Protein chains: 4
Amino acid sequence: MANSKFEYVRNFETADLLLPNTWIVVRVDGRGFTKMCAKYGFEKPNDRRALDLMNTAAKVVVTELPEITIAYGVSDEYSKLVSTVVSTFTANYVYFWSTHFPDTPLSPPLPSFDGRAVCYPSVQNLRDYMSWRQADCHINNLYNTCFWSLIQLGGLDNKEAESTLAYQRTLAADKNEILFSRFSINYNNEPEIYRKGSVIFRDYELVDPNSHNTMLTIDSQAEPIEQSKSQKEKDKKSRAKARVVVEHMDIIKDDFWNQRPWLLSNKPGKFPKQT
Amino acid sequence: MANSKFEYVRNFETADLLLPNTWIVVRVDGRGFTKMCAKYGFEKPNDRRALDLMNTAAKVVVTELPEITIAYGVSDEYSKLVSTVVSTFTANYVYFWSTHFPDTPLSPPLPSFDGRAVCYPSVQNLRDYMSWRQADCHINNLYNTCFWSLIQLGGLDNKEAESTLAYQRTLAADKNEILFSRFSINYNNEPEIYRKGSVIFRDYELVDPNSHNTMLTIDSQAEPIEQSKSQKEKDKKSRAKARVVVEHMDIIKDDFWNQRPWLLSNKPGKFPKQT
Amino acid sequence: MANSKFEYVRNFETADLLLPNTWIVVRVDGRGFTKMCAKYGFEKPNDRRALDLMNTAAKVVVTELPEITIAYGVSDEYSKLVSTVVSTFTANYVYFWSTHFPDTPLSPPLPSFDGRAVCYPSVQNLRDYMSWRQADCHINNLYNTCFWSLIQLGGLDNKEAESTLAYQRTLAADKNEILFSRFSINYNNEPEIYRKGSVIFRDYELVDPNSHNTMLTIDSQAEPIEQSKSQKEKDKKSRAKARVVVEHMDIIKDDFWNQRPWLLSNKPGKFPKQT
Amino acid sequence: MANSKFEYVRNFETADLLLPNTWIVVRVDGRGFTKMCAKYGFEKPNDRRALDLMNTAAKVVVTELPEITIAYGVSDEYSKLVSTVVSTFTANYVYFWSTHFPDTPLSPPLPSFDGRAVCYPSVQNLRDYMSWRQADCHINNLYNTCFWSLIQLGGLDNKEAESTLAYQRTLAADKNEILFSRFSINYNNEPEIYRKGSVIFRDYELVDPNSHNTMLTIDSQAEPIEQSKSQKEKDKKSRAKARVVVEHMDIIKDDFWNQRPWLLSNKPGKFPKQT
């Protein structure tokens with residue numbers, strides 16, 4: 001049959017695997033979003049509708065792909081994992097566009113995204129990655145808030161705003177001072193979604209971190225890769241039942257993680273008692 | 001600054017490169033499409049609207065990503081390339097859904113896709129890959145046409161249809177015979193889009209393969225990886241101007257390739273003279 | 001210059017990296033050693049000279065490549081690391097051959113080896129890998145001791161010995177019984193080098209695992225990837241001074257690891273007090 | 001059995017494959033050879049004994065690993081291939097040391113090597129790689145011959161020699177002039193092994209490149225990956241019978257390759273007629 005003669009081309013598919021027992025982070029980036037911000041008139045420095053749309057799409061990804069969200073111990077094909085996340089994100093971004101931008105119809109070329117996956121071997125590496133992103137969010141947002149205040153409220157042009165801020169590049173305190181003295185803006189009163197970013201996770205009953213040594217528990221439970229099949233089924237149902245929430249909180253300090261041991265233990269939490 | 005302490009996590013991003021000077025094929029697959037076919041009532045064995053929607057989305061990918069379509073010599077990050085193609089495809093699939101299914105609104109969970117990239121070192125490997133896909137398309141469609149005729153026209157149930165065809169598994173002639181004798185269907189009169197699949201490419205003036213040795217030209221031009229910058233600009237403009245077409249033709253035989261030397265030579269063709 | 005025209009070929013060198021902060025195991029295997037055992041008349045089931053030669057070569061690898069032995073946190077090019085270990089091992093194997101086989105000169109084709117590297121993300125994964133190897137060593141050696149006793153002492157031929165053992169494949173107790181009842185061999189009195197394999201490491205003062213929680217210390221110390229430069233220098237000197245030993249002990253139980261916290265903590269131990 | 005509990009660690013072995021139908025080049029480098037040159041008093045700028053020893057070891061690699069030398073179409077595990085080549089090279093380097101350095105016994109730490117493999121998709125890429133190496137060899141050797149002449153014959157110290165040559169960095173003609181005018185050395189009369197490096201290959205009857213279009217033949221024969229088993233056996237025997245030679249010739253021009261079509265066609269040549 002003709003088929004067999006050509007089928008040798010299958011040998012060119014090189015394996016493309018992620019290391020098991022590591023924390024897999026899939027990072028999704030907008031493609032050419034500077035252009036898109038202009039096309040659809042996104043507000044500067046932050047457009048709440050655009051952020052809400054991103055969170056809506058991300059929330060669906062977490063909801064629809066439970067085996068990815070709690071990634072510890074998952075092994076999968078790299079590009080299949082990445083493209084599945086990116087495709088689900090994109091589909092929901094386009095679909096929910098009109099909900100968040102009711103007066104701005106989408107038109108070709110449509111928004112699109114790319115992605116990549118990184119493996120982190122330890123809990124500390126993963127938390128440092130999350131901390132890095134949140135620290136970055138803070139630094140960028142403080143800069144952008146200053147930059148656009150100088151332009152929108154202070155009447156400066158782009159270059160003037162840039163050089164005002166370049167002069168005092170590394171000093172967060174000075175930027176706070178500019179905002180307060182020139183524009184009476186207290187940066188700490190800015191919405192948390194802008195200052196801290198968004199973290200999306202399944203919500204269970206919070207744990208009191210002082211009641212016992214949470215991290216120790218996590219370490220000892222993280223090791224067994226194998227889980228009984230019935231336990232897996234139970235956990236899957238528990239995850240399907242859990243509420244997926246979008247929060248804007250400090251994820252650098254221990255509190256966030258200690259109160260939510262299910263995030264790093266690969267075990268669902270308890271459901272809050274009904275009242 | 002807090003930033004620097006966490007930034008070491010960048011070291012975990014392992015490189016993920018495609019071999020230069022090879023033909024990169026990005027394969028896009030629907031995720032869970034059996035379920036989706038049922039949900040939206042796709043027709044069996046082929047739903048023309050669903051195929052047209054796929055082709056519409058694919059055509060946009062070819063149109064918007066010219067540097068990918070003619071992939072020879074392109075080197076890029078694996079997962080970024082794959083996720084860009086999949087994301088662009090998904091965005092257009094969701095966006096153009098209502099054009100092809102005006103009476104069937106889309107609802108969550110939305111259709112999504114995954115992808116992977118494979119590198120083929122030689123023209124022959126690439127053509128064998130394409131031939132493999134078209135041979136596969138023919139084999140599957142002949143089987144499916146028989147299978148659904150036995151059910152829809154012959155009144156058999158799934159199992160009966162399966163066993164009827166299993167008995168004569170490898171014989172294409174027998175399947176043609178079943179279609180003709182039982183249902184008066186001449187398989188060769190079935191639409192080409194079902195029998196041959198779709199191939200999407202930029203269209204230029206066809207070349208007479210007998211006028212000169214096309215393949216030799218291609219081989220000798222394929223080698224130089226470097227191209228002058230102004231030539232690149234010219235080629236880019238030429239590609240942007242070219243019409244992207246969706247065709248259903250034989251791509252196993254040499255004719256298709258010999259008449260369209262631009263497909264394998266990494267050089268745009270000539271525009272047809274205006275009349 | 002001619003050089004620049006060709007230098008583009010450098011782009012074909014794809015990156016080939018090991019994930020940081022993981023335990024890298026480089027496994028070295030003899031190539032075609034069945035043939036070599038026959039050529040040089042190695043004794044069955046174990047040739048003490050051949051094992052000692054392997055250990056001599058391995059000891060030099062550990063001694064000469066201190067940054068590899070304690071691999072935690074090391075990132076390096078995959079194939080360079082593997083080929084360096086294999087080359088150092090091979091050079092010493094050939095060089096010290098005459099020490100261990102004074103009456104059997106080496107002749108072409110010379111013994112050679114191949115290797116591969118695997119990354120293990122957690123201490124438990126690494127210990128499970130080591131346990132797997134030692135469990136395998138035990139199972140194989142018990143089988144081989146039986147097999148060759150049946151032949152050398154029991155007068156059976158290869159096939160008879162094989163079928164005797166195949167009949168009771170999975171039962172370790174039965175093999176012990178065969179050795180004892182037929183040949184008065186108490187397997188537990190066989191040399192430990194055959195029963196447990198060899199483990200080669202830097203030796204420091206043993207630690208009493210009951211005096212404090214060793215594993216906890218290890219976990220908390222394993223995280224910081226960065227070390228001050230002067231500390232690195234100190235550690236390097238300490239490792240250079242330490243004695244490299246070849247031992248044959250149980251590495252599946254906790255004792256071995258708890259008494260030698262330097263093996264998993266990436267910190268040299270204390271030198272024993274001189275007396 | 002204890003074994004099964006630990007065996008899951010096998011999942012950490014990530015695949016590590018070379019792209020099929022490409023030319024695989026394995027590059028072997030000496031580790032710390034500056035130190036070794038000093039330790040054993042290698043002559044500057046070229047030590048003939050050291051080069052001959054390298055060629056002896058390389059010749060054994062080509063002789064013992066016929067499936068690697070003509071690499072076209074071979075697919076194999078990356079690190080296994082690299083480590084096999086490096087190990088065979090190292091074993092022979094240590095073993096034949098005393099043949100080439102009868103008065104200089106080897107002593108620990110022994111010479112060792114590392115390696116890496118690169119895939120080149122086309123004949124042109126491969127030839128460009130070889131040309132790059134030979135061009136590099138010429139440039140380096142001309143520089144080194146000048147440098148050491150200025151020191152050994154001209155009485156300059158290292159710094160003076162360096163600055164003399166830095167001044168006229170890119171000009172080959174000037175270096176030729178220095179050698180001739182100051183030291184009456186005609187660079188073109190220097191031994192070819194120094195000026196052109198060494199190329200090691202199986203030798204068959206040369207082909208007259210004018211008798212037919214050799215390159216065309218090669219191209220068309222290179223495609224079929226599959227070969228009949230009996231043909232493979234024949235080819236293997238032919239390769240085992242062929243003489244492996246060490247030559248120092250121009251491999252940048254077409255002549256070398258056109259006269260030896262067996263090098264790029266993956267087919268053994270003809271044996272010269274006996275006289």
Side-chain angles (χ1 to χ4, degrees), chain C residues 1-3 5-10 12-14 16 25 28-29 31 60 63-64 77-95 106 108-121 125-133 135-136 138-139 170 172 252, chain D residues 1-3 5-10 12-14 16 25 28-29 31 60 63-64 77-95 106 108-121 125-133 135-136 138-139 170 172 252:
Chain C
M1 176 143 43
N3 212 18
K5 183 180 145 201
F6 303 126
E7 229 173 340
Y8 79 90
V9 293
R10 280 203 165 157
F12 290 88
E13 297 172 19
T14 57
D16 154 46
V25 170
V28 177
D29 290 306
R31 294 182 56 245
V60 177
T63 306
E64 284 190 13
E77 261 185 34
Y78 188 90
S79 52
K80 199 176 159 182
L81 173 67
V82 173
S83 59
T84 294
V85 169
V86 170
S87 180
T88 305
F89 188 91
T90 307
N92 284 279
Y93 192 92
V94 171
Y95 183 78
L106 209 51
L110 302 178
S112 63
F113 302 85
D114 59 44
R116 61 179 311 184
V118 185
C119 290
Y120 296 103
N125 296 147
L126 177 73
R127 282 199 48 193
D128 285 351
Y129 172 76
M130 303 292 268
S131 296
W132 178 44
R133 302 318 307 138
D136 226 46
H138 163 72
I139 291 162
T170 50
I252 298 181
Chain D
M1 177 144 42
N3 213 18
K5 183 179 145 200
F6 302 126
E7 231 173 339
Y8 80 91
V9 294
R10 280 203 162 155
F12 291 86
E13 297 172 18
T14 57
D16 154 48
V25 171
V28 177
D29 290 307
R31 294 182 57 244
V60 177
T63 307
E64 284 190 12
E77 261 185 36
Y78 188 90
S79 52
K80 199 175 159 182
L81 173 67
V82 173
S83 58
T84 295
V85 170
V86 169
S87 180
T88 306
F89 188 90
T90 306
N92 284 279
Y93 192 91
V94 170
Y95 183 79
L106 209 50
L110 303 176
S112 63
F113 302 83
D114 59 44
R116 61 177 313 183
V118 186
C119 291
Y120 296 103
N125 296 147
L126 177 74
R127 282 200 49 192
D128 285 350
Y129 172 77
M130 304 291 268
S131 297
W132 177 45
R133 302 318 306 141
D136 225 44
H138 163 71
I139 291 162
T170 51
I252 298 181

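To find a chain, count down the sequence lines: A is the first, B the second, and so on, and within it residues start at 1. Everything numeric in this text was worked out from a predicted model, so none of it was measured.
Taking both residues in full, the closest heavy atoms of D/Tyr95 and C/Leu106 are given as OH-O, 3.1 Å, listed atom of the first, atom of the second, then distance. In plain terms, the two heavy atoms of D/Pro111 and C/Ala91 that are nearest each other are O-CB, 3.5 Å. In this structure, D/Arg31 and C/Thr88 approach most closely via the heavy-atom pair NH1-OG1, 3.7 Å.
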Original post:
Would C/Asp114 and D/Thr84 satisfy side-chain contact (heavy atoms from CB on, under 4.5 Å), going step by step from the backbone distance to the final call?
Top reply: CA-CA 5 Å; C/Asp114 59 44; D/Thr84 295; 3.4 Å; yes
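From D/Phe113, atom CZ reaches atom OG1 of C/Thr90 across 11.0 Å, with rounding to the nearest 0.5 Å.
At least one side-chain heavy atom of D/Leu110 sits less than 4.5 Å from a side-chain heavy atom of C/Asn92.
Between the side chains of D/Ser112 and C/Ser87, no donor N or O sits under 3.5 Å from an acceptor N or O.
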